[in-house]
Amino acid sequence: MSSTLYIIEKSPRGQLVSDLVKYLNLDVKIVTDRESDSTFKKNFPLGKIPAFLGKNGFKLTETIAVIYYLVTLTNDEKIQNQLAGSTAEEKASILKWVSFANSDAARAAASAVFLLVGLKPFNKKELDTSLEALEQYAQAFEQRLSEYTYLATENVTLADIVSYYIWAFSFSSALGADFRKKHPQLTRWFNTIGAHPSVQFSHKGFKPVEKALEPPQGKKKEQKKEQKKEQPKQEAAQKAPAAQQPAQEKKPKHPLEVLGKSSFPLEDWKRKYMNEDTRPSSLPWFWENYNPEEWSLWKVEYKYNDELTLTFMSNNLIGGFFTRLFASVKYMFGCLVVYGENNNNGIIGAIMVRGQDYAKAFDVAPDWESYNFTKLDATKPEDKAFVEDMWAWDKPVIVNGEPREISDGKVLK
Ligand SMILES: N[C@@H](CCC(=O)N[C@@H](CS)C(=O)NCC(=O)O)C(=O)O
């Protein structure tokens, strides 16, 4: 049995630790699906990633602790001294940069990127603060790198490696060519580390964006308009004296509850889908049991594909949407997938909903209006095939006549 490292795939910390495992040629298994891994839940109740579980039962979290431990797992003393330092001063200087990159710089980068790609509700003040912090941090790099080739010693160390992933993350969307031009030493260093074998596993051929993403203006305006329309209704309701409000009726917990029990065994289906092969086994069972009078099928498409950047973030966006659909999940099943590649991807999928009105199931999630819904008719071969393709994820999706590979996806279950 080998040791296990749990990561979030394609996140900077995940890329850092899994690249290090590969670079050091360690016998460590990388697991990206912690949600369905009971060993992870049992051993790491905080759920934080990365998390390392040694084959001897040793448990470790916190990126910095994990990478230092991985370095000790090589028996190559030369590489240990190079990456983590040999003198007390070298060791401390490396740790200084590693800590700075994994805390201050990582926080500012994540905040700027998440605000710009829409993973966090937009807030101009927060974006300005994060970009200012990144500017300040770039100056600190600039200063060191105007005199030295690397951050901490005369060689590539963990300081350079950890910092590389944070800048690469920022350069993937939040900071454009103008920023790099303003910081030539940082840029020179970034390109040097980018060519080092330790980061090649995830970043081979990485191209920073030319233009930083713009704040999501249009979408914000639309949301504001919607909020304004809603406000008078809410205010009127709040102002109405209690006596005029209808007596407390016993409301069903969920609007779809009134439809009563369906003949389709949803929980059995979900289990079957998760445990059996989709095309040969689950799908034939599904069509035998599916009742279109009780359940409807919908093509669901994200409206703002042109604002998506990294595919793992698009997948996180789906994850967030599914979390917010929690209250409706016993009336739904389906998948949304991410097709395409970084900086050119989209979200599409097929979801089955109890009843014939998609809104009743979806409107529990505040971001449901970021999606287009089109009803599917399973008696039409093309609609049936679309559902099958979305639930099997084994073929490219055809978008505007072009086949696009599926890179990721999530199951709503
Ligand atoms: N201080 C921790 C931070 C770990 C952390 O925040 N990890 C994120 C992913 S980069 C995470 O686990 N997020 C998901 C969660 O909290 O459920 C470290 O350096 O490892």
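Keep in mind that this is a model prediction, so the values were computed, not measured. Counting starts at 1 for both ligands and their atoms, following the listed order.
The closest approach between Arg34 and ligand 1 falls below 4.0 Å for a heavy atom of the residue.
At the shortest separation from atom 16 (O) of ligand 1 among protein heavy atoms lies Lys48 NZ, 3.3 Å. Annotation: atom 20 (O) of ligand 1 to nearest protein heavy atom, Thr63 OG1, 2.7 Å. Remark: minimum distance from atom 13 (N) of ligand 1 to any protein heavy atom is reached at Ile8 CD1, 4.2 Å.
When the options Ile49, Thr61, Ile7, Ile67 are ranked by their closest heavy atom to atom 4 (C) of ligand 1, first place goes to Ile49.
Close approach to Glu62 involves these atoms of ligand 1, each under 4.0 Å from a residue heavy atom: 1 (N), 2 (C), 18 (C), 19 (O), 20 (O). In the vicinity of Asn102, heavy-atom distances shorter than 4.0 Å reach the ligand 1 atoms 19 (O).
Screening Trp167, Phe179, Tyr164 for a ring pair (Phe, Tyr, Trp, His ring centres under 6.0 Å) with Phe190, the sole residue that qualifies is Tyr164.
Side chains of Thr311 and Asn345 form a contact here, defined as non-hydrogen atoms less than 4.5 Å apart.
A cation-pi arrangement is not found for Arg34 relative to Phe44, the charged atom failing to lie both closer than 6.0 Å to the ring centre and inside a 45° cone about the ring normal.
For Glu77, the CD atom counts as loosely surrounded, since its 6.0 Å shell holds 12 or fewer non-hydrogen atoms of other residues, nucleotides or ligands.
Ion pair Lys211/Glu214 flagged as a salt bridge, since at least one NZ, NE, NH1 or NH2 atom sits closer than 4.0 Å to an Asp/Glu carboxylate oxygen.
A tilted orientation is assigned to the rings of Tyr331 and His254, their planes being inclined by 30° to 60°.
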